[in-house]
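These values consider heavy atoms only, across backbone and side chains, with no hydrogens, waters or symmetry-generated copies. For this chain, numbers begin at 1 and follow the sequence in order.
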Amino acid sequence: MTYELKHVFASLPQMERGVAKVLGGDPKGNNFLYTNGKSVIIRNIDNPAIADIYTEHPHQVTVAKYAPSGFYIASGDVSGKIRIWDTTQKEHLLKYEYQPFGGKIKDIAWTEDSKRIACVGEGREKFGAVFLWDTGSSVGEISGHSKIINSVDIKQTRPYRLITGSDDNCGAFFEGPPFKFKFSSTDHSRFVNCVRFSPDGNRFCTAGADGQIFLYDGKTGEKLGVLGAAKAHEGGVYAVSWSPDSSQLISASGDKTVKLWDVGTSMALTTFNMGGDVMDQQLGCLWQKDHLLSISLSGYINYLDKSNPDRPFRTIKGHSKSIQSLTVHKNKGRAHIYSGSHDGHINYWDAETGENDCFSGKGHSNLVTKMAVDEADQLVTCSMDDTVRFTSVTKKEYSASNLVKMDFQPKHVSVATGGLTLAVCIGQVVLLKDQKKVFTLDSLDYEPEAGAIHPGGSTAAVGGADGKVRLYSVQGNTLKDEGKSMEAKGPVTDMAYSKDGAYLAVTDEKKVVTVFTVADDYSVKNDFYGHHAKVVTLAWSPDNEHFASGGMDMMVYVWTVNDADKRLKIPDAHRLHHVSGLAWIDEHTLVTTSHDASIKQWTLKF
């Protein structure tokens, strides 16, 4: 049994209101970089469905930048660690690791010979450092600021110059190496969010929370002018990026626009209006070759179209928060993946191309814990907002009428023929038929954790925190306790019937998966051992002979029902993150998702 990674549908950037997001560009122009959680995401700029995820930082990563040579990437995290790693091999081998200061790294810059690195941020004893990439020894001092430094850049032509921008409302100008503080600029009246040299080194600009963008001479640091009339933007400016020929630049602002500037005339040539919602605030941008990219507070990555400034010609969507639930459904022969995240956001993905979008309208307002598609082509979802929703996968829009309010928070849903849905809530088990509650079991003498309704709709199995699985027969619109229970090895975490209804698989906190044979009075078929920690999710293959399980040990196992020793182990499916959802596209394709907010597909060979 073997596996190989087939597709990676990457997460969006992790965004925070009022905080600039640095996008890193590839000197060869093929890829761009950003961060989410503990991961650095490398995406192909022409085909963003091609992505690679680097997860080696033990802490949240904040910024990543290519060396001008293109062979290495330097990434910095909230603890102040900088990792320098290889871009040419799939393994991304670590070359060097440094701790220039203790605290969050906010920006990184390289010298054009790829030999020196500057980093700035929220250090406790200092706000920046500049050092040799191969020894870590200092090549200057970043001083002159009294608060957090947000941004740094180094002139890519000799003589070298270094610039910084800080929360003390100042920019600072350094000469070197070794880099020494020369003077501050006090033109901004609020935080300086971004400082960038033009590629030819003749100029640099500083952008601030005051809506201003100032231009300076790249060699002397003297002020040359200001972009725009009164100010560049109505809102704070979070990021700027120069055109490759140094004649223009783009700026991203909290006023929900991106502007394209002619630097010679200081006039805006184009204003890109990105929307009216707070989530349309623009917090990052990148000009690479012919591509103009911006990032919205929503995490969406916009490819701007100069000829149609009110409509990006491509918007990359996805999840920016951890994914908690997953299912797959085939529509007219094409497989779609559905994923629900920590913030209530649900996305659907074309399994082949990675094209994706979210349902329209107002959906869940909190974590989506579980999902399944019923025979009426409705995505049935339950959420910590105390609702169960039924959303048409063909219409793809939420509606208030397809929402069932629960008395208690639902944790688990499963569906069966005849319009039946079983919802397991805190202290309650609810049977729904055609989107209406028809029966409720409460005042239970156990805490229900998970449930599964037999595909034929005749039996409902409920797993408890006491490690028992109880069977109820579905009689008309009622659930009748059959007085029969089976033992799992520990508190139940997930359960599912095989597609043909022959088996019931149950996962538990004691690291075991137990499979029961339905026709043989639910006798134990096999116990499956292998996980080193609590098992949290499982999914049956359409072939009814294999199933997959995922645990807190960050492992995914694919098991063979008839032979507990015949198993396939996928370690580090989502490195440093446990798998939160599993689903099958066909008997040879498994989908995994996790708290890293990405979705992966694996080709399995038995």
Side-chain angles (χ1 to χ4, degrees), residues 12-13 15 20-34 43-51 194 196 198-200 203 205 207 211 213 215 225-318 350 353-358 360:
L12 293 176
M15 305 303 288
K21 189 75 187 176
V22 179
L23 276 175
D26 163 8
K28 297 185 177 67
N30 303 326
N31 300 322
F32 65 101
L33 291 175
Y34 57 83
R43 289 186 99 149
N44 182 299
I45 201 158
D46 294 310
N47 180 7
I50 300 171
C194 186
R196 291 293 181 255
S198 59
D200 63 11
R203 286 182 280 245
C205 67
I213 301 172
L215 284 173
V226 57
L227 294 187
K231 49 185 183 177
H233 282 274
E234 287 305 307
V237 186
Y238 289 102
V240 289
S241 186
W242 290 82
S243 63
D245 69 0
S246 300
S247 70
Q248 297 178 335
L249 60 83
I250 51 172
S251 57
S253 168
D255 67 8
K256 311 176 187 79
T257 69
V258 174
K259 289 188 182 180
L260 169 62
W261 301 91
D262 179 295
V263 178
T265 63
S266 301
M267 300 295 282
L269 301 175
T270 311
T271 299
F272 303 91
N273 293 302
M274 305 308 294
D277 192 77
V278 65
M279 297 310 268
D280 299 317
Q281 291 186 354
Q282 301 301 298
L283 298 179
C285 60
L286 177 69
W287 190 322
Q288 185 158 294
K289 286 193 180 163
D290 306 328
H291 296 291
L292 277 60
L293 268 54
S294 76
I295 307 189
S296 305
L297 176 55
S298 59
Y300 290 173
I301 302 165
N302 313 295
Y303 284 62
L304 306 176
D305 184 350
K306 288 186 211 174
S307 57
N308 187 2
D310 292 338
R311 193 174 177 143
F313 71 81
R314 169 191 267 159
T315 301
I316 304 176
K317 298 185 178 180
D350 183 301
T353 64
E355 286 294 310
N356 73 92
D357 208 336
C358 49
S360 58

Shortest non-hydrogen pair, Trp242 vs Cys205, comes out as NE1-SG, 3.8 Å
So which heavy atom on Val240 is nearest to which on Ile213, and how close? CG1-CD1, 4.1 Å
Once you round to the nearest 0.5 Å, how far does OG1 of Thr265 lie from CD of Gln248? 9.0 Å
What's the separation between atom CG in Asp245 and atom OG in Ser198, rounded to the nearest 0.5 Å? 10.0 Å
Euclidean distance, Leu283 CG relative to Ser296 OG, rounded to 0.5 Å: 8.0 Å
Mind checking salt bridge (Lys or Arg N to Asp or Glu O under 4.0 Å) for Arg203 and listing every partner two or more places apart, or none if nothing turns up? none
How long is the span from the CG atom in Leu286 to the CD1 atom in Ile295, to the nearest 0.5 Å? 8.5 Å
Go through the steps for Lys259 and Ile250 under the test side-chain contact (heavy atoms from CB on, under 4.5 Å), then give the verdict. CA-CA 5 Å; Lys259 289 188 182 180; Ile250 51 172; over 6 Å; no
May I have the step-by-step check of side-chain contact (heavy atoms from CB on, under 4.5 Å) for Leu293 and Ile45, ending in yes or no? CA-CA 9 Å; Leu293 268 54; Ile45 201 158; 4.1 Å; yes
Testing the basics here: between Lys231 and Glu234, what is the closest heavy-atom pair and its distance to 0.1 Å? NZ-O, 3.9 Å
Please confirm whether the backbone N or O of Asp26 pairs with a side-chain atom of Gln288, one donor and one acceptor, at under 3.5 Å? yes
Test item: Asn302 side-chain N/O and Leu304 main-chain N/O as donor-acceptor pair under 3.5 Å: no
May I have all residue pairs that pass ring-ring contact (aromatic ring centres under 6.0 Å, His included) and include part of residues 275-299, sequence neighbours excluded? His291-Tyr303
Show the numbers, then the answer: is there a side chain to side chain donor-acceptor pair (under 3.5 Å) between Ser266 and Trp261? CA-CA 7 Å; Ser266 301; Trp261 301 91; over 6 Å; no
Can you list the residues that meet the side-chain hydrogen bond (donor to acceptor under 3.5 Å, both in side chains) rule with Lys21, with sequence neighbours excluded? Thr35
One should read off an interatomic distance between Leu260 CG and Leu269 CG, to the nearest 0.5 angstrom, of 5.0 Å
Can you find a pair of side-chain heavy atoms, one from Leu215 and one from Leu227, that are under 4.5 Å apart? yes
Residue Arg314 excluded, over 12 heavy atoms near CZ under 6.0 Å: yes
Are side-chain heavy atoms of Tyr34 and Ile301 found at a separation under 4.5 Å? yes
Pair Leu292-Lys306, side-chain contact (heavy atoms from CB on, under 4.5 Å): steps then yes or no: CA-CA 9 Å; Leu292 277 60; Lys306 288 186 211 174; 4.2 Å; yes
Under the side-chain contact (heavy atoms from CB on, under 4.5 Å) test against Ser241, which residue among Ser251, Cys194, Cys285 passes? Cys285
Residues in side-chain hydrogen bond (donor to acceptor under 3.5 Å, both in side chains) contact with Asn47, at least two apart in sequence or another chain: none
Enclosure of Asn308 CG (heavy-atom neighbours >12, cutoff 6.0 Å): yes
Any donor-acceptor N/O pair, Arg43 side chain to Pro48 backbone, under 3.5 Å: yes
How close do Lys289 and Asn30 get, counting heavy atoms only, and between which atoms? NZ-OD1, 4.0 Å
Flag side-chain contact, heavy atom, 4.5 Å: His233 against Thr257: yes
In Å, rounded to the nearest 0.5 Å, how long is the span from NZ of Lys317 to CG of Leu12? 10.5 Å
Can any side-chain N or O of Gln282 pair as donor or acceptor with the backbone N or O of Ala239 at less than 3.5 Å? no
Counting only pairs under 3.5 Å, give me each side-chain donor-acceptor contact of residues 270-277, with atom names and distances, residues two or more places apart or in other chains.
{"residue": "Asn273", "atom": "ND2", "partner": "Asp310", "partner atom": "OD1", "Å": "3.1"}
{"residue": "Asp277", "atom": "OD2", "partner": "Met279", "partner atom": "N", "Å": "2.9"}

Output yes when a side-chain donor or acceptor of Asn356 lies under 3.5 Å from a complementary backbone atom of Gly354, and no otherwise. yes
Where is the tightest heavy-atom contact between Pro199 and Ser243, given as atom of each residue plus distance? CG-O, 3.5 Å
Which residues satisfy the side-chain hydrogen bond (donor to acceptor under 3.5 Å, both in side chains) test with Ser253, sequence neighbours excluded? Asp255
